[in-house]
Amino acid sequence: MGKVFVFDHPLIQHKLTFIRDKNTGTKEFRELVDEVATLMAFEITRDMPLREIEVETPVRKSKSKILSGKKIGIVPILRAGIGMVDGILKLIPAAKVGHIGLYRDPKTLKPIEYYAKLPSDVEERDFILVDPMLATGGSAVEAINSLKKRGAKHIKFMCLIAAPEGVEAIKELHPDVDIFIAALDEKLNEKGYIVPGLGDAGDRLFGTK
Ligand code: PRP
Ligand code: URA
């Protein structure tokens with residue numbers, strides 16, 4: 001069964017409060033999402049495997065560790081996931097970035113895929129799928145389907161705010177995927193928005209309405 005990790009680091013929680021605030025403007029919202037993505041990437045990479053190599057310092061030869069695991073692929077769910085990519089790349093600059101385009105039909109709330117482009121060596125990579133919001137879970141579940149259909153074997157899902165419904169959907173349909181979130185909120189409202197949430201992540205990131 002997939003595990004759920006809630007990152008309760010004080011810096012993440014502090015910044016998330018200002019991300020939630022409706023009076024935070026587009027520029028600051030974008031900067032804060034970027035910063036939280038970096039902090040979450042620091043936590044999510046905790047289990048990366050290391051191997052020992054020999055390094056020659058100015059003083060003497062020594063054993064030291066470097067990363068030894070599979071290469072990383074970052075996949076934002078368009079649009080809003082884009083806001084988290086640069087923040088992760090600050091810590092994993094050599095990662096390749098794929099994109100999966102999905103939008104929620106406003107009436108049915110069902111996800112509709114309109115774009116998918118992944119690194120060519122999908123099977124060789126560990127993927128971090130990112131989207132600020134996990135609401136009904138429809139988009140994340142569909143994006144994971146899409147990644148797996150193209151050969152992805154190991155996927156982590158990372159978001160800022162999740163509703164219990166979305167977490168349950170991933171756990172039920174993709175029990176092999178661990179979920180990393182900054183906050184688990186109360187519920188969804190009748191329009192499928194997370195309560196209290198932060199509103200529409202894509203609109204707040206890109207200044208659209
Ligand atoms: C938002 C959000 C997620 C999705 C979550 O995207 O960024 O992708 O909704 O909802 P779900 O869990 O119920 O599927 P939206 O469909 O608004 O598209 P956008 O990013 O293009 O604004
Ligand atoms: N998508 C968003 O952007 N916000 C929500 O609260 C739910 C889905």
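In this chain, residues are counted from 1 in sequence order. We count ligands from 1, going down the list as the structure has it; atoms in each ligand are counted the same way.
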- Message: Does ligand 2 come near enough to I194 that some N or O of the ligand is less than 3.5 Å from an N or O of the residue?
- Response: yes

- Query: Can you list the atoms of ligand 2 that are under 4.0 Å from a heavy atom of G199?
  - Reply: 2 (C), 3 (O), 4 (N), 5 (C), 6 (O)

- Message: Just to confirm my output: which protein heavy-atom neighbour is closest to atom 22 (O) of ligand 1, and how far is it?
- Response: R79 NH2, 2.9 Å

- Query: What is the distance from atom CD1 of I88 to atom CD1 of I72, rounded to the nearest 0.5 Å?
  - Reply: 10.0 Å

- Considering only the protein, which heavy-atom contact is closest to atom 18 (O) of ligand 1, and what is its distance? L102 O, 4.2 Å

- Message: For D176, is there an ion pair with K148 - N to carboxylate O distance below 4.0 angstrom?
- Response: yes

- Item | Whether A80 lies under 4.0 Å from ligand 2, heavy atom | no

- Query: Which pair of non-hydrogen atoms, one from P164 and one from D185, has the smallest distance, and what is that distance?
  - Reply: CD-O, 3.3 Å

- Query: Which of the numbered atoms in ligand 2 are below 4.0 angstrom from a heavy atom of A201?
  - Reply: 2 (C), 3 (O)

- Item | Donor-acceptor pair, side chain of R51 and main chain of S68, under 3.5 angstrom | no

- Item | Heavy-atom donor-acceptor pair, R46 side chain to F42 backbone, under 3.5 Å | no

- Task: Identify the protein heavy atom lying closest to atom 8 (C) of ligand 2, giving its residue, its atom name and the separation to 0.1 Å.
- Result: R104 NH2, 3.5 Å

- Can you tell me which residue and heavy atom of the protein come closest to atom 15 (P) of ligand 1, and the distance to 0.1 Å? R104 N, 4.3 Å

- Enumerated ligand 2 atoms positioned under 4.0 Å from heavy atoms of G192: 7 (C)

- Message: Closer than 4.0 Å to some heavy atom of Y103 - which atoms of ligand 1 meet that?
- Response: 16 (O)

- Query: Hey, what's the ring geometry for F180 with F5, parallel, tilted or perpendicular (30° and 60° as the breaks)?
  - Reply: parallel

- For G202 and ligand 1, does the shortest N/O to N/O distance drop below 3.5 Å? no

- Message: Regarding ligand 1, does A135 bring an N or O atom to under 3.5 Å of one of the ligand's N or O atoms?
- Response: yes

Result block: side-chain N/O donor-acceptor pairs under 3.5 angstrom for residues 195-209, not counting sequence neighbours:
unit_1	atom_1	unit_2	atom_2	d
D200	OD1	G202	N	3.1
D200	OD1	D203	N	3.0
D200	OD2	Y193	OH	3.3
D203	OD1	R79	NH2	3.2
D203	OD1	T208	OG1	2.6
R204	NH1	I19	O	2.9
R204	NH1	R20	O	3.4
R204	NH1	L198	O	3.0
R204	NH2	D21	O	2.7
R204	NH2	T24	O	3.1
T208	OG1	R79	NH1	2.9

- Message: Please determine whether any non-hydrogen atom of G137 lies less than 4.0 Å from an atom of ligand 1.
- Response: yes

- Message: Can you check which of L78, D131, L188 brings a heavy atom nearest to atom 2 (C) of ligand 1?
- Response: D131

- Message: Tell me whether atom 13 (O) of ligand 1 lies less than 4.0 Å from at least one protein heavy-atom position.
- Response: yes

- Message: Need the ligand 2 atom indices (1-based, order shown) with element for anything under 4.0 Å from a heavy-atom of A135.
- Response: 7 (C), 8 (C)

- Message: Given 3.5 Å as the limit, does a donor-acceptor pair link the side chain of D34 with the main chain of G87, or not?
- Response: yes

- Message: Counting only heavy atoms not in K90 (residues, nucleotides, ligands), do more than 12 fall under 6.0 Å from its NZ?
- Response: yes

- G197 to ligand 2, any heavy atom closer than 4.0 Å: no

- In terms of side-chain geometry, is the basic nitrogen of D86 or R30 positioned less than 4.0 Å from the acidic oxygen of its partner? no

- Message: Can you tell me which portion of S139 lies within the under-4.0 Å heavy-atom range of ligand 1? Options are side chain, backbone, both, or neither.
- Response: both

- Item | Presence of salt bridge, R150 and E113, under 4.0 angstrom | yes

- Query: Is it true that K65 and E52 have a side-chain N and a carboxylate O under 4.0 angstrom from each other?
  - Reply: no

- Message: Protein heavy atoms near atom 5 (C) of ligand 1, is at least one of them under 4.0 angstrom away?
- Response: yes

- Note the single closest protein heavy atom to atom 17 (O) of ligand 1, along with its residue, its atom name and the distance in Å. D200 OD2, 4.1 Å

